[in-house]
Each structure stands twice: as structure tokens, then as C-alpha cells.
Amino acid sequence: MSIMKSSQDSADMQQPSKKGPFVDVTADKENNYDLTVTQSSVGHVDELTHDEAAEAAINAIDKEYTIDSDNSPFAEVRANVPNTDDPTLPVNTIRMWFLGCTFALVGSGINSFFSLHYPSVTITSLVTQLLAYPAGVLLAKVLPVKTVRMFGREICINPDHKFNIKEHTVVTIMSNLSFGTSWATDIIQAQKSFFGLETPVGYQLLLGLTMQLFGLGIAGLSYRFIVEPPEMIWPSTLANAALFETLHSRANPLVNGWRISRYRFFFFVFLGGFCWYWFPGFIFTGLSAFAFLCWAAPNNQVVNNIFGMQTGLGLMPVTFDWSQIAYNGSPLVVPFWAQANVFAGFLVFFALAAPILYYKNVWYGAFMPLSSSNIYDNTGALYNGSRIIDSHGNFVEEAYKAYSPVFMPVTFAMGYGISFAVMSCLPTHIFLYHAKDIMNVFRGQQKKDCHARMIAKYPDVPWYWYGGLTVLILGLTIMTVVVYDVMPFWAVFVCFGMAVLYVVPVGVVFAVANLNSNVLTVLGEIISGYLQPGKPITMLVFKFYAYTALSQAMNYCSDMKLGLYMKIPRRTLFAAQLIGCILGALSQQGVLIWMLGHISNICSADQPNGYTCPQGRVNFASAVVWGAIGPQRLYSVGKIYSGLLHLFWIGALLPIVTFFAKKRFPNHKWLHAIHWPIFFAGTGNLPPATGVNYTSAFVVSYIFNMHIKTRYMTWWAKYNYVLSAALDSSVAISAIVIFFCVVFPGASLTWWGNTVNSGTIDGMGTSLKMINGTFGPSTWS
């Protein structure tokens, strides 16, 4: 196990970066910062072990490397991914496949089971990453080191008594792909339980399989564009890499006076986080939404609108709950320049524009809560979609005219408008800033960093593997939608084309900022609503095929990057991703089929055991609004929300203006820090997210990825990503324990600290204006 290490003379040639901490090197990719122009490592070579390489990288974290150097050009990567590889480590082992398949089947099944329950709990891949380590070590110890001959082939029962980091990585990747709840299960819940339509077993299995696999081929074909380039760092994978290093490595350099190992640091933070989460998670939930100003003035409308954390804007970065801070993903892994763009978008659209629109009663918003992800009728009640459809789910226009138009709270409407800006901004941005890189990939001129060069010694996955899989899945998808009559065959190609169009733009933003800018749910609702009006089930299937294709492609690409960092042979990774996804889809659909057939009154609002199908209910409402009523009654010219369409051209124009402004003022650092896709897409979770999720994340990002990174860079390199992994995993494990040991059995804790928010205007969702009968227009069509 060795790497090529530069001589001391070569190391001395590498000067500390002169870049300011605000303009990250990732952001400078847009400023034509060339990672390939400085010298590559030269000199004699020495042998370094894995742990020695990790220590050397942390101690030299402030050095500047190039794409030709023997380490990554990015400090985030160097801090967590040693530039070593041991090709002798066994990966394709029985113990790896056993653990990977077991976790994929069990974890996905549990998540599917509890996705129909309210309240719910989700098992994440971080849980697998922690549990797989002792399980793998145990298997490696107890299984005999032996090779047997079966079916004419020699099969190794156990290659050695050491569960290694590569096996651990593959097990985690299989879980990560399978644990996410399939949107197909939500479609089936809506169809069967809310629309009362038949959903044959074959249809359920095919819908689940094709939807989950729709993006794998797309991801593989885009590998050279959004996975292999070194500037595509995929920040969330670095937290996984840091945890792998923590569990498997014993590197322990002294940094800024701190000698505690990563392993002990992780253990102490994990233990403290696990114990602490019992307070905001169960004992004193007011610590989570710590809106103390609203507690002091529970009936003050302005105070509750501005500082409330449930239906208000949450403009106060005070919370004692890590799950609130990391609601949109851990801010510890997001570069500060990216978090600053997200925060700027929040300030412009929600801290400034939203209250102005609300208090001006634009879109009749003052008759509803300021921030909510619900839709309302003209009496201020939640919109009852069942009143405007018949028993077969078809739209009844006369019933709609007799009931009410749809009204959205200000922040909800703003969220849709911002999605329009993201749709046009992403392709424009990629064309302006990354067209040259894309063309270099097509020409085979893209340079590889040290990690890509190391993985290149393993057999590659031919492009036609992914191409053939794509053709197969497309064929199965067409068969599914045509045989079961859910949408026309040409709609499958439209969904696929949407995902292909956005895979590189969305992937680039995800890879540099850990931000999911996938807005194909909104685009799918609009396209389906115009092309197939009055068909709610068609709309659901259409939008989720498009959305899932892209979201799954992002998951596949993220895991491919983790595989690249950990030097997992690409063909083994391909098999693991394919098998893990198939097992997860079958497990989820199997659990759903059993539950829908064996749990009485499932999905009813008064189901005695809490199996009320909250996601199926939400998607039923979505199907009625966007599939039955349709976007033409909301966004067409002259309709209530038509003004939001201006954000289409604004989103396309701003990157062009900024691009030429950067050319005109090449030394303006604030101008170069602007990243419009992140600015627009960063607030995509609001609502149901509130301002506290953005303000607190900004503060944490500033402290760790700006202040500490600048002043104590070696401490940041050694502990920052371990801290993120420890906090995320401690909350995940603690939430699971609380749910299964306390909440699910029926226990509760009622006292002031758990009810204080419910008595405020914010907690009750009280509107600014009182409703006398109805509000809005007197007629509609």
C-alpha cells in the first residue's frame, strides 16, 4: 500500500494559498481559475502508509496543490480522503454482500412500513454506516478463512479476519440507495386508498422498480461530467469519508494543540448529541423552535409573523436542536461561499419580499398563515379536493365552480415562483460557465486528479452497460404505463428528456454546494397539467418519473463519487448499486402490498394505530390541484399567480448580466461570489422549512467554514467533517430510539415546555385578516 510522495524540495515549492476565505476555490471555477497550470509534483519518492498519508495531508492542509499533484487541489478533500490505495484489499466478498443485502432489505422495509404512520421515523444510511462496522468486524472474526468450490468455481468464504474500509463503503452505498422511500409507494397510496382505484400487484412492483432505476443509466452516462472532475467534490460524501477514516484509521496528528483522536472525538460528540437530543426531541420540544419572543408576546401578530418558527418567518437564529440547523443538510459540509448565497436568497425573497406581499394582501395572502405548505379554499379552510372530483378521480368543473378556487400562502406561492427561476437559471449558468469543460470531456481532454488516476487502474464500466440498462428500463416503463393505462407512452420520453436536460446543471450545483436544485416536480406538474389536463393520476406518475429519475441520478452520482474517493472498483460498485436498488424497491413495494391488504382502515384519518398515510394524503391533494384543476387556472395569463411567470426570464437573465460584469470587473470579489443557481435554489425547502433553518445554518457555517477554517485550519481539517458526521448520526440514532421506545408505544409528555408554541399566533397559524364568510373573487372558472 503506497503512494508517490513529493520530495521536500517539491513540497517547499507549494506556497500557501493567497485566496481570501470568502471566495472558495470552487466558486473561482467560474472565474477561469485554472487548476492545471501550476507545476506537478516532482522529485524522489518515498513510501507512505495510509495513516501517514492522512497525517501528512492534515499537517500540510494550507498548501496549494494542482490537478497534476499527488493530492487533491481542494482542502476539503485532502482533509478527509488520503491519497492512497491498497488494491489488495478484498471488496467483492461474501460478508460484504451479506451485510449489504441484509441492510438494504431490512432498512428499506422498515422505512416503508413507518412512512405510512404518523408520526414517522426514517432510518438513514448513517445508521447503516455505524451498525455495519461492528457487524462486519464480527463476521470477519467468526467466519472461517476458507475457500470452497461450488458450481465449478472457487468461492472464498472469508478472505481474512479484518473487515476493511472498502467493504464498509459498499455496504453503506447499498443502504443509501435503498433506504430512500420510493415515490411509487406514495402514488399507489393515493390511487388505492384515496381515489379508490385498483392497483394490481404487477403494476405496483413494476412502478416501484422502474421508478427507482430510471436514473441509474443517466447517472452512469454523466459520470465524466459531474463525478470524475476534481472540482465536483460532492461535500456530503466527505462526511461519510471522514467517518470511514475515523472508524478504520488511527492517524492522529497534533493540530492547534489538540491531540484527541478522531475516533474519541466522534465518540464524545456522538454520545453528547445522542443524550442531548432527548430534550428538543421529546422532553422540552420548545428548545427546538425556541421562539421566546413569541412566547413573551403570543398575541402580537407582527412579532409572531417575523420571529415565529412554525407559520412565521423565523428571523431569529436561535435553536438548540441540530435537526433544525441541519434541516437542509449539515452546514458543516457546505462551503461558506455557497451558504452565503443561500442565505442571500432567503433574505431577498422571504425576509424582505414575503412580508411586504403578505401585509399588502397580494394573492389574498393575508387571509392565510404567512408561511405554510398547505393550500386553502375561500373560507380559510384547507382545500378539500374530494369535492371537485367524481368517484373515479375525474375533475368535475361544475363542482369546482360551486366550491372555491385554490389559494396558496405567500411563502408557498413564492416557492413556486422561485422554482420557475431555477428552471431557466440552471441551463443558462451551465452554458456560460461550464460549456468549455463539457466540450473537453467530449474531446477526451479532461485532466484527472490523483484519485481519478488511482481508480483508473481498475476495469472501467463500459458506457454501453449504462446505455443498455437505460433502454431496458425505458422499455419496462413504457410497458407499465401503457398496459395499466396511467399515461401515454410518449410521456415517458418527455420525463426522460427532462431528467437528461437537467442532470448536468443540477449535478454541478449539488457537487459544489451540497444543494439539491431538482425542480422537476414543479416542471412536471406544469407540463402534465397543460398536456394532459384533468387527469390527476397521470400528473402524479408523470411528475414523479421525471423527479425520481433526476433525484435518483443524484444519489447514484453521489455514491459514485464516494466510491471514487474510497477506490471501490467501478464494476463492483455498479453491481452493488443495481442490486441494492432492486432489493430496496422490492422490499418497499412488498411491505406496502402487505400493509394495504392487511391493516384495517389504513389511510383513514381516524386509523386507530396511526397508519394515516400522510404522504399519500399530500399527494392526493397535489393530484387534485395540479392534475384536476390544473396550472392553467393558476398561472395562465390573467390568472391569480400569473405574475410569478416573470421569474422565468429573470432567472435566465441574471447569470448573463453577472457573467459579463465579471469580465468587466475581474477583481471584484463580491461580484465573483455570486452564484445565481444557489441563490435561487437554496430556499427550495421553504415551506415547510422556516427561517430558523437558514439563519442558524448560516451562523454555523460562518463559525466553522469561515472563522475556524481561516484561523485554525488544521483543526478544521481534522475535526470539522467528523463533527458533522457525529452530530448527524447522533440525532438519527436518538430519534429512532425515542420513536420506537417512547412515541410508538403511545407515551407522551405534556407540560408547558412542550405546548408553549401551540398557544401563540405562530403556532395556531392565525391569519392577518379575519374572514367574514369568504374571500377572493366572486366567480371563477
Checklist entry - How far apart are the C-alpha atoms of Phe270 and Ile733, what are their side-chain angles, what is the distance that settles it, and do they pass the side chain to side chain contact (heavy atoms under 4.5 Å, CB included) test? => result CA-CA 9 Å; Phe270 176 87; Ile733 298 291; 4.0 Å; yes
Checklist entry - Between Leu749 and Ile283, is a side chain to side chain contact (heavy atoms under 4.5 Å, CB included) present by the stated rule, with each step listed? => result CA-CA 7 Å; Leu749 182 62; Ile283 297 172; 4.3 Å; yes
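Ring orientation note: the planes of Phe407 and Phe775 are tilted relative to one another, at an angle of 30° to 60°. Using the six-membered ring where Trp is involved, Trp278 and Phe282 have ring planes that are perpendicular, over 60° apart on the 30 and 60° scheme. Taking the six-membered ring where the residue is Trp, Tyr364 and Phe367 present tilted rings, their angle falling between 30° and 60°. A parallel orientation is assigned to the rings of Trp626 and Tyr635, their planes being inclined by less than 30° (bins at 30° and 60°). Under the 30°/60° scheme for interplanar angles, the aromatic rings of Tyr712 and His707 are found to stand perpendicular. Between Tyr641 and Trp363, the two ring planes are tilted [angle within 30° to 60°]. Below 30°, between 30° and 60°, or above 60°: for Trp715 and Tyr719 the angle between ring planes is between 30° and 60°, a tilted geometry.
Contacts of Cys613 classified as disulfide bond (SG atoms under 2.5 Å apart), with partners at least two apart in sequence or in another chain: Cys603.
The only option from Phe350, Phe349, Phe346 that meets the ring pair (Phe, Tyr, Trp, His ring centres under 6.0 Å) definition with Tyr694 turns out to be Phe346.
Remark: side-chain polar atoms of Asn111 are paired, donor with acceptor, to backbone N or O of Ile123 under 3.5 angstrom. Side chain of Thr285 to main chain of Gly281: no donor-acceptor pair is present (N/O by atom type, distance under 3.5 Å, no hydrogens or angles). Formation of a donor-acceptor pair under 3.5 Å by the Asp762 side chain with backbone atoms of Gly312 is found in this model. Here the side chain of Asn705 pairs no donor or acceptor atom with the backbone of Phe336 at under 3.5 angstrom. Side chain of Thr690 to main chain of Gly314: no donor-acceptor pair is present (N/O by atom type, distance under 3.5 Å, no hydrogens or angles). Side-chain atoms of Ser419 come within 3.5 Å of backbone atoms of Gly415 as a donor-acceptor pair (strictly under, hydrogens ignored).
A pairwise comparison of heavy atoms in Thr311 and Pro369 identifies CB-CB, 4.1 Å as the closest pair. A pairwise comparison of heavy atoms in Leu315 and Ala351 identifies CD2-CB, 3.9 Å as the closest pair. The minimum heavy-atom distance linking Leu686 with Ser371 is given by the pair CD2-OG, 4.2 Å. Between Ser373 and Phe412, the shortest heavy-atom distance links the atoms O-CE2, 3.4 Å. The heavy-atom pair separating Thr319 from Leu287 by the smallest distance is OG1-O, 3.7 Å. Scanning all heavy atoms of the two residues, the minimum distance from Val333 to Ala239 falls at CG1-CB, 4.0 Å.
Annotation: Trp295 is not in aromatic contact with Phe292 [ring centroid separation under 6.0 Å not met].
Atoms CE and CG, from Met368 and Asp377 in turn, are 10.0 Å apart once rounded to the nearest 0.5 Å. With rounding to the nearest 0.5 Å, the separation of OG1 in Thr760 from CD in Gln310 is 6.0 Å. Put simply, OG on Ser551 and CZ on Phe510 are 9.5 Å apart, with the number rounded to the nearest 0.5 Å. In this structure, OH on Tyr403 lies 6.0 Å from OG1 on Thr379, to the nearest 0.5 angstrom. Taken from CD1 in Ile674 to CZ in Phe659, the straight-line distance is 14.5 Å, to the nearest 0.5 Å. Atoms CZ and CG, from Phe290 and Asp321 in turn, are 12.5 Å apart once rounded to the nearest 0.5 Å.
Counting only heavy atoms from C-beta outward, the side chains of Glu76 and Lys709 approach each other to under 4.5 Å.
The neighbour count for Tyr702 OH, taken as heavy atoms of other residues, nucleotides or ligands under 6.0 Å away, does not exceed 12.
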